[in-house]
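For reference, the structure is listed below as structure tokens.
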Amino acid sequence: MTFTEKSVQTTGESSPDNSNEYEDGIGLKTFKSLAKIPTYSGVKVLSNEDNPSILSIQVILSQRDLKRKLKRKIVKQLVVSLPTKGSLDTTAKIITSSFLPVDLGDVVLQAESPSGNKLLILRSVSNDKGKKKFVEVWIKGTLKQSIDVTDSHGDFYSDVNFGSLKWSRNEENVVYIAERKALDEKDEKKCDFLPGWGETLPNKCVSVIVIVNVLEYKVEVFFGPKDETLIFNGYNREPRYYGITAFHLTQQLEHARSPRLSPSEKVLVYYSNPTSGPHSYCSELREYNFSTNTHGVIVPVVHTPSHSFQNGFPGIYNDQMSRKPFIVFEGKEFLIIQSYWRSRGVLLAINLETGRVQDLTQTGSWTLFLACNNYIIASRGAPNEFNELYFGIVTGYQKDMLEVDWTCIDKPNVEEVEPILSNITWSTIQPVPNNNNLEVIFIRPNEISEGTKLPLLVFPHGGPHSVTTPDIRLYITTLVSLGYAVAAVNYTGSIGFGQDSINALVGKAGVLEVEEVQDSAQYIIDNECVDPNKVIAIGGSHGGFISAHLIGKYPDFYKACVMRNPVLNIGQMASVTDIPDWCFSEIGLPYSLAHPSLVTPSDYSKMYEHSPIHNIDKVKTPTLLMLGAEDKRVPNIDGLNWYYYLKGKGNVEITCKMYKETGHSLDTIEAELFGIDAIARFLEEKVCG
């Protein structure tokens with residue numbers, strides 16, 4: 001039986017989004033239980049002038065609202081006591097913890113002033129007449145002024161690439177970024193073509209820097225030493241906009257991003273790497289010295305990790321630094337960043353004077369929120385643990401190494417899903433001993449009956465220059481709870497393994513990583529309790545690209561395949577995607593950002609040979625194809641052509657799902673609910689049935 005949206009919405013109790021009659025399957029019920037757990041998305045620290053040893057911490061959590069089909073931001077308040085100077089007890093203590101369902105739905109950004117006495121909020125309020133935008137100035141908990149800026153500019157920017165909200169040190173001015181005001185109806189340029197910045201940023205076209213005079217409550221990025229300069233990132237828009245999510249470019253120093261001013265205001269630190277080639281590089285950490293007007297390297301690009309250099313440190317892989325990224329201890333300044341060290345998310349401390357890099361987190365996978373004075377706030381998780389919030393206090397400095405005492409200050413209530421989490425185990429495996437660029441995170445049920453062999457989900461990540469870390473992922477957790485084992489493969493080209501590993505895949509996409517994923521699957525079959533007759537290829541984007549290659553090159557190996565917005569025909573994608581350069585660079589073809597390339601017949605031939613479409617006639621594996629109607633990264637025409645061709649052949653079972661108002665990530669609530677339900681039912685029928 002082939003399930004369709006129509007057939008699954010006419011039986012039982014409720015549909016995946018609770019809007020129609022339908023009976024939830026066990027997979028969907030499990031996902032909904034997991035999806036109720038809020039996750040940490042931000043932290044703000046409010047200082048206490050009267051008692052500096054007491055910190056008020058505003059924890060921002062993301063909560064899926066399955067009824068309203070949206071993701072809400074809610075707030076939790078923690079009051080933490082810091083140890084007194086000279087105390088033998090060096091850990092933080094929770095004084096109070098209060099949770100009120102305060103919804104930050106219309107708050108776009110907020111920033112506390114340096115003294116902690118003032119708070120500025122950017123608020124966007126929707127009503128029947130449209131959207132109104134306000135800048136609010138709060139002083140010691142009192143709303144002093146609300147400025148209507150609706151007619152001054154377009155939407156506020158809050159994304160990690162463009163968004164900013166920064167106070168001057170004298171607390172007289174605040175600066176933020178917004179979309180330029182829409183042109184007047186009579187403006188002759190009103191109909192000029194104006195592109196956006198691609199996937200997830202389609203409505204961001206022309207930005208403006210807005211300065212608010214807090215003293216005069218007047219609206220007229222990021223201030224330099226003594227508030228005399230303005231420091232900001234610029235993005236070249238000519239001759240075309242390129243998809244900027246996971247990709248950055250500027251013309252100064254070829255590439256510079258995420259500038260941050262050191263606490264001493266002596267240097268500006270920033271990341272740099274080339275603009276062409278792979279979209280994710282190992283970054284160089286550089287500094288600009290204001291007194292000498294010179295640029296220098298603090299941490300270089302690491303090509304091949306070696307124990308002779310910083311204990312095997314593989315380099316920096318970080319898109320943007322935290323808004324507050326510095327620790328000052330005993331007069332020394334340290335930059336604290338989040339990065340990847342092979343298959344793990346880590347926190348790194350970098351001595352700005354010596355360039356020494358230290359891994360502050362030896363276990364688990366970590367996410368950084370902020371570093372300030374002598375403390376760090378971050379979260380830690382694992383495939384069987386929802387992230388918990390940690391407070392780290394720097395207590396010492398020995399041999400160019402910081403000593404940090406970590407305390408868990410908050411954790412989500414997982415009582416309802418504890419039976420699910422406790423039955424999951426995981427490990428990191430190196431399947432090919434002489435291949436240091438290949439690792440597998442293997443996740444499976446903890447309890448396996450004697451003689452039982454599990455169906456195996458082979459799960460390569462997208463990118464291809466990204467990485468899967470041992471964090472909880474709701475789809476994977478749900479599928480493991482249903483009895484599947486998962487092999488999440490970090491193949492050559494993944495970030496966190498050195499720049500040479502990234503470069504090694506360029507020109508070999510569709511060959512090298514596909515072979516490594518297949519080798520990993522065979523290793524798991526040979527060494528773990530999995531059923532060789534129940535192996536499934538599953539992946540999204542470039543992971544879908546690999547999955548499609550697997551069922552074309554190894555048609556008798558895979559029992560089923562699930563692909564989410566997969567790349568299937570690079571040559572076709574090149575003319576419609578927001579990142580055409582990717583289509584050239586990943587297979588080793590040159591591309592000029594300044595003079596955008598057209599696909600020549602010889603280019604298309606090479607793209608075709610590297611694409612899964614090359615082996616489509618060998619495909620016979622039952623497939624579930626999941627597409628986003630608004631995908632700008634891999635527009636769905638690529639997937640639809642694959643679907644139509646195989647459906648027309650008549651001898652391959654293929655089902656296609658199209659998710660409305662959803663982009664490349666398929667991350668709307670509706671897409672998540674219908675998606676996991678479709679996957680669970682499809683696998684139950686094709687693999688376990």
Side-chain angles (χ1 to χ4, degrees), residues 340 342-344 365 382-384 423-433 435-446 448 452-464 466-494 496-497 505 512-551 553-554 556-564 566 621 623-624 676 679-680 682-683 686-688:
Y340 299 101
R342 300 185 68 80
S343 298
R344 195 165 64 89
S365 196
N384 52 1
N423 192 36
I424 294 175
T425 187
W426 67 280
S427 60
T428 301
I429 298 170
Q430 188 173 338
V432 180
N435 187 346
N436 290 323
N437 298 330
L438 175 63
E439 279 189 346
V440 176
I441 300 173
F442 184 60
I443 311 167
R444 65 169 177 82
N446 196 28
I448 305 175
T452 298
K453 291 199 171 185
L454 304 171
L456 173 65
L457 292 162
V458 180
F459 209 141
H461 60 71
S466 62
V467 66
T468 296
T469 54
D471 296 289
I472 197 162
R473 299 171 189 272
L474 299 194
Y475 268 31
I476 289 179
T477 305
T478 298
L479 293 170
V480 173
S481 76
L482 296 178
Y484 296 91
V486 174
V489 185
N490 287 324
Y491 44 82
T492 294
S494 302
F497 294 77
L505 183 59
L512 176 60
E513 83 279 44
V514 175
E515 293 173 353
E516 289 187 343
V517 172
Q518 180 65 19
D519 289 344
S520 300
Q522 189 61 58
Y523 177 90
I524 298 296
I525 289 171
D526 294 340
N527 293 274
E528 301 289 346
C529 295
V530 299
D531 190 337
N533 297 313
K534 294 182 178 180
V535 183
I536 305 105
I538 179 171
S541 193
H542 195 85
F545 172 87
I546 295 172
S547 298
H549 264 302
L550 292 172
I551 62 174
K553 294 184 176 183
Y554 310 96
D556 296 316
F557 191 89
Y558 293 91
K559 184 78 170 179
C561 179
V562 178
M563 298 186 291
R564 294 158 49 87
T621 305
T623 300
L624 173 62
I676 190 61
I679 292 172
F682 173 77
L683 295 181
K686 303 303 178 187
V687 179
C688 303

If every non-hydrogen atom of [X] is compared with every non-hydrogen atom of [Y], which pair is closest and at what distance?
X	Y	result
Ile536	Lys534	CD1-O, 3.7 Å
Ser365	Pro470	CB-O, 3.7 Å
Ala560	Phe682	CB-CE2, 3.9 Å
Leu550	Ala537	CD1-CB, 4.2 Å
Asn437	Phe497	CA-CD2, 3.9 Å
Ser343	Asn490	OG-ND2, 2.8 Å

Under a 4.5 Å cut-off applied to non-hydrogen side-chain atoms, are [X] and [Y] in contact?
X	Y	value
Leu683	Val562	yes
Cys688	Tyr484	yes
Tyr491	Ile546	yes
Lys553	Gln518	no
Val530	Phe442	yes
Phe459	Ser547	no
Ile424	Ile443	yes
Leu456	Asp531	no

Who passes side-chain hydrogen bond (donor to acceptor under 3.5 Å, both in side chains) against Thr478, sequence neighbours left out?
-> none
With sequence neighbours excluded, tell me which residues meet side-chain hydrogen bond (donor to acceptor under 3.5 Å, both in side chains) with Asn436.
-> Gln430
Could you tell me the separation between the [atom1] atom of [X] and the [atom2] atom of [Y], rounded to the nearest 0.5 Å?
X	Y	atom1	atom2	value
Ile429	Tyr523	CD1	OH	6.0 Å
Cys561	Ile551	SG	CD1	4.0 Å
Ile524	Leu454	CD1	CG	11.5 Å
Leu438	Thr492	CG	OG1	6.0 Å
Thr623	Lys686	OG1	NZ	10.0 Å
Glu439	Arg342	CD	CZ	4.0 Å

Could you tell me whether the side chain of Tyr475 and the main chain of Ile676 form a donor-acceptor pair under 3.5 Å?
->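 Here the side-chain-to-backbone pair exists.
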Qualifying residue for side chain to side chain contact (heavy atoms under 4.5 Å, CB included) with Phe557, from Ile525, Val458, Thr621 = Ile525
Side-chain donor-acceptor contact under 3.5 Å, Thr468 with His461 |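 No - no donor-acceptor pair under 3.5 Å links their side chains.
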Would you check if there is a donor-acceptor pair between the side chains of Tyr554 and His549 at a distance under 3.5 Å?
-> no
Would one find more than 12 heavy atoms of other residues, nucleotides or ligands at under 6.0 Å from atom NZ of Lys453?
->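 Atom NZ in Lys453 is not packed in, count stays at 12 or less.
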